[in-house]
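A quick write-up on the structure given underneath.
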Amino acid sequence: MPHRITLAELNGRDREGFVAALGHVFERSPWVAAAAWARRPFAGLEELHAAMVAAVAAAGEERQLALIRAHPDLAGRVALAGRLTPQSAGEQAAAGLTALSADELARFQVYNAAYKERFGFPFVICAREHKKDAILAAFPVRLANGRDDEIRTALDEIAKIAWLRLSDCVAAPSPR
Ligand code: GUN
C-alpha cells in the first residue's frame, strides 16, 4: 500500500472523505465505513475496526447477506478473468490461488458451486490467513454446517479480512 493515512487525519475527515479512504475495507460495501464514521473520533485501530464490525452486526440479515455476496469466489470466474478488486487480487495471491494445478482448480470450482448451492452465498474465508490446502480442507467441514452458523462464520472471516485491510491502509498507533 503506497500511502497510509493516520488515525488523526481520519478522525478529522467528513463522511465523504472518510469513505474515500476506508470504503474498500469491506469488499464492495462502502456503507460500512459510512456507518462507522458517526462513531469517530477513534482512539486506536482496534476501536475503528470494532465500530465497523458493529455497523455490520447492526445492519440486519439482508445487508449482511449482501455483504457476504459482495465477495468473489476463491479461484472463481472473476478471479480467472482478472477482474478482482486490487485487495481481493492480493488476498487470493497470498493464499496461493494464482498458482493452482488443473486438479486443484477443478476442486475449487466443484466446492464453490456446492457451497453456493447449499447456502445461497459464496464461501468466505480470510484468504491471507489460509493457504490453498487449508482452504480446500475447510470446504467439506463448512459444507456440513447449518446456514446460520455459516452466516456467522462468513461475517467473522470478513471481520478478519477487514482488519488486515485496515492495518494496510491506516498508520498506527495514532498520534494523540
Ligand atoms: N472470498 C473468499 N475469501 C476471500 C478473501 O479473503 N478475500 C476476498 N476478497 N474474497 C474472498
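All values below come from the heavy atoms of this structure, side chains included, with hydrogens, waters and symmetry mates left out.
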Got a second to check how far [X]'s [atom1] is from [Y]'s [atom2], nearest 0.5 Å?
{"X": "R128", "Y": "Q87", "atom1": "CZ", "atom2": "CD", "result": "9.5 Å"}
{"X": "I5", "Y": "L22", "atom1": "CD1", "atom2": "CG", "result": "7.0 Å"}
{"X": "L97", "Y": "L74", "atom1": "CG", "atom2": "CG", "result": "5.5 Å"}

Contacts of K131 that satisfy side chain to side chain contact (heavy atoms under 4.5 Å, CB included) - sequence neighbours left out: none
Residue list, side chain to side chain contact (heavy atoms under 4.5 Å, CB included) with L80, at least two apart or on another chain: L105, Q109
Pair I125-T153, side-chain contact (heavy atoms from CB on, under 4.5 Å): steps then yes or no: CA-CA 8 Å; I125 190 167; T153 300; over 6 Å; no
Result block: side-chain N/O donor-acceptor pairs under 3.5 angstrom for residues 37-48, not counting sequence neighbours:
{"unit_1": "W37", "atom_1": "NE1", "unit_2": "R13", "atom_2": "O", "d": "3.0"}
{"unit_1": "R40", "atom_1": "NH1", "unit_2": "W37", "atom_2": "O", "d": "3.0"}
{"unit_1": "E47", "atom_1": "OE1", "unit_2": "A43", "atom_2": "N", "d": "3.4"}

Just to verify, what does [X] make a ring-ring contact (aromatic ring centres under 6.0 Å, His included) with, not counting sequence neighbours?
{"X": "H49", "result": "W163"}
{"X": "F119", "result": "Y115, F121"}
{"X": "F26", "result": "none"}

Remaining members of hydrophobic cluster (4.5 Å side-chain criterion), V78: L84
I68 and I158, any side-chain heavy atoms less than 4.5 Å apart: yes
4.5 Å side-chain heavy-atom contact, N112 and P122: no
[X]: which residues meet the salt bridge (Lys or Arg N to Asp or Glu O under 4.0 Å) condition with it, sequence neighbours left out?
{"X": "K160", "result": "E157"}
{"X": "D156", "result": "none"}
{"X": "R107", "result": "none"}

Below 3.5 Å, can you tabulate the donor-acceptor pairs from side chains in residues 132-143 to any protein atom, sequence neighbours excluded?
{"unit_1": "K132", "atom_1": "NZ", "unit_2": "E104", "atom_2": "OE1", "d": "3.3"}
{"unit_1": "K132", "atom_1": "NZ", "unit_2": "E104", "atom_2": "OE2", "d": "3.3"}
{"unit_1": "R142", "atom_1": "NE", "unit_2": "E150", "atom_2": "OE1", "d": "2.6"}
{"unit_1": "R142", "atom_1": "NE", "unit_2": "E150", "atom_2": "OE2", "d": "3.2"}
{"unit_1": "R142", "atom_1": "NH1", "unit_2": "V124", "atom_2": "O", "d": "3.1"}
{"unit_1": "R142", "atom_1": "NH2", "unit_2": "V124", "atom_2": "O", "d": "3.0"}
{"unit_1": "R142", "atom_1": "NH2", "unit_2": "E150", "atom_2": "OE1", "d": "3.0"}

Option among E27, H24, E91, R28 that satisfies the side chain to side chain donor-acceptor pair (under 3.5 Å) test with T85: E27
For residues [X] and [Y], report the shortest heavy-atom separation together with the two atoms involved.
{"X": "A21", "Y": "C169", "answer": "O-SG, 4.3 Å"}
{"X": "A127", "Y": "A95", "answer": "O-CB, 3.3 Å"}
{"X": "R152", "Y": "D149", "answer": "NH2-OD1, 2.9 Å"}

CA sep, side-chain torsions, deciding dist, call: V170, L10, side-chain contact (heavy atoms from CB on, under 4.5 Å): CA-CA 9 Å; V170 181; L10 278 171; 3.8 Å; yes
Cluster check I161, V19: I/L/V/M/F/W/Y, side chain < 4.5 angstrom: no
Give the table of side-chain donor-acceptor pairs shorter than 3.5 Å for residues 50-65, with sequence neighbours excluded, one pair per line with atom names and distance.
{"unit_1": "Q64", "atom_1": "NE2", "unit_2": "V56", "atom_2": "O", "d": "3.0"}
{"unit_1": "Q64", "atom_1": "NE2", "unit_2": "A57", "atom_2": "O", "d": "3.4"}

Short N-O contact, R165 and D168, less than 4.0 angstrom: no
